[in-house]
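Scroll down for the structure; my scribbles are underneath it.
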Amino acid sequence: MILSWIFTVLVGISLVAAVLLGRGSELAAAIPQGAQAGITLAISLAGSLCLWTGVGRLLEKTGVTGYLSRLLRPLLHRLFPETKQDPVLAGTVSANICANFLGLGNAATPMGIQAARRMAKGSTVAGDSLCRLVVLNTASIQLIPATVAAIRVSAGCRSPFDILPAVWVTSIFSAGAGLAAAWLMGKLWRHG
Amino acid sequence: MVDYLVPGLLLGALVLALKKKENPYSLLLEGGEEGLKLLVQLIPTLILLLTAVTMLRSSGAVEWISTVCAPVFHFFGIPPETAMLVLIRPISGSAALAVGSELMLTHGADSLIGRTAAVMLGSTETTFYTISVYFGAAGIKKTRYALPAALIADMTGFIMASLTAKFLM
């Protein structure tokens, strides 16, 4: 439903702007041009997407996620204190974070939802840990942003992975800021 | 260093799978097929959204939005040309993909704006979607400070992306 609104608003703004600025012919031409750009983008994404979902499947089967989870344990106990008593929760939370890190979106979401349900325990008010889990999931810490790399290649970039350090630094800062904000607001915003 | 990370990861995953007596080639094929199925579902969305974004660009609305947002964006050190991307990124992932790709095509993938857009896309998430999925599934009605905290994270991401795209690459 949200995309219906976005699409309608985008088309509406375009039409109004074109009328005001007298750009009717450009606007009309943009429709077939845009549609073509869409399929070009889809085709140029196909190769990378195919390869990386394959690599994702490999990483899943070889247990790399399990190994990463063990590395994550100390951090996990600090961020989500109840994982100390609840090994099942610790497992799902770390699987969620690791799957996100490796770019396995399909595996990350079900794990995250399972963890969120377990943290909520039937309550309708979000606890501090659940808020932190959601903030961490909205901040996207990803080792290899494969889709972005594919878009860059399709736009004529020669070294699509040179954004990696910038992406890592940015992700760490944004996740850090989100968690700090959550911690601060958690102090102020005591009960529901 | 970074250049060897991606091929290294590929080789590492292959060797690990062989050590575990899995069949890495067929796993790659299996996963790849799934990825392509996902893409097929995504194609109509990409076409529709790129049509809308291209319309927005040629109508002059994109420039207008950038001009209106410019003072705020300059204050935070974010290039105003990325205004559309910043506005749409937390709401829809596929729309952000469309806007980002259009930005890279218009300004060049290796231009400062193209790089900033790439870093923004790579280091942020579809915040509103993620929040609604997680809290919806867990049956949460009162989300307390989760949304403002997540939006602070996004804002930090956009500001840092503008900085790192300039100084880290």
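A, B, ... follow the sequence lines: proteins, then strands. Residue 1 opens every chain.
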Heavy-atom cut-off 4.5 Å, strictly under: side chain, backbone, both or neither for [X] against chain B?
X        : answer
A:Ile144 : side chain
A:Ile31  : both
A:Val55  : both
A:Arg158 : backbone
A:Leu27  : both
A:Trp183 : neither
A:Ile39  : both
A:Ala150 : neither
A:Ser123 : backbone

Test side chain to side chain contact (heavy atoms under 4.5 Å, CB included) on B:Glu102 and B:Val99 and set out the steps. CA-CA 5 Å; B:Glu102 200 267 348; B:Val99 173; 5.8 Å; no
[options]: which one forms the most heavy-atom pairs within less than 4.5 Å of chain A?
options                               : result
B:Ile152, B:Val53, B:Leu42            : B:Ile152
B:Leu28, B:Leu49, B:Leu168, B:Val2    : B:Leu28
B:Ala146, B:Ser58, B:Ala138           : B:Ser58
B:Ala161, B:Ala117, B:Ala118, B:Ala17 : B:Ala118

Heavy-atom proximity to chain A below 4.5 Å, by part of [X]:
X        : result
B:Pro148 : both
B:Met84  : side chain
B:Leu14  : both
B:Phe135 : side chain
B:Leu5   : side chain
B:Leu97  : both

Check the surroundings of atom CZ in A:Phe173: do more than 12 heavy atoms from other residues, nucleotides or ligands lie under 6.0 Å from it? no
Does the side chain of [X] pick up a donor-acceptor pair with the side chain of [Y] at under 3.5 Å?
X        : Y        : answer
A:Gln36  : A:Thr40  : no
B:Thr164 : A:Thr170 : yes
B:Asp154 : B:Thr127 : yes

Does a side-chain N-to-carboxylate-O contact under 4.0 Å join B:Glu22 and A:Lys61? no
Is A:Asn96 reaching over with its side chain to a backbone N or O of A:Thr92, donor-acceptor style, under 3.5 angstrom? no
Test side chain to side chain contact (heavy atoms under 4.5 Å, CB included) on B:Leu85 and B:Leu121 and set out the steps. CA-CA 9 Å; B:Leu85 182 61; B:Leu121 274 177; 4.2 Å; yes
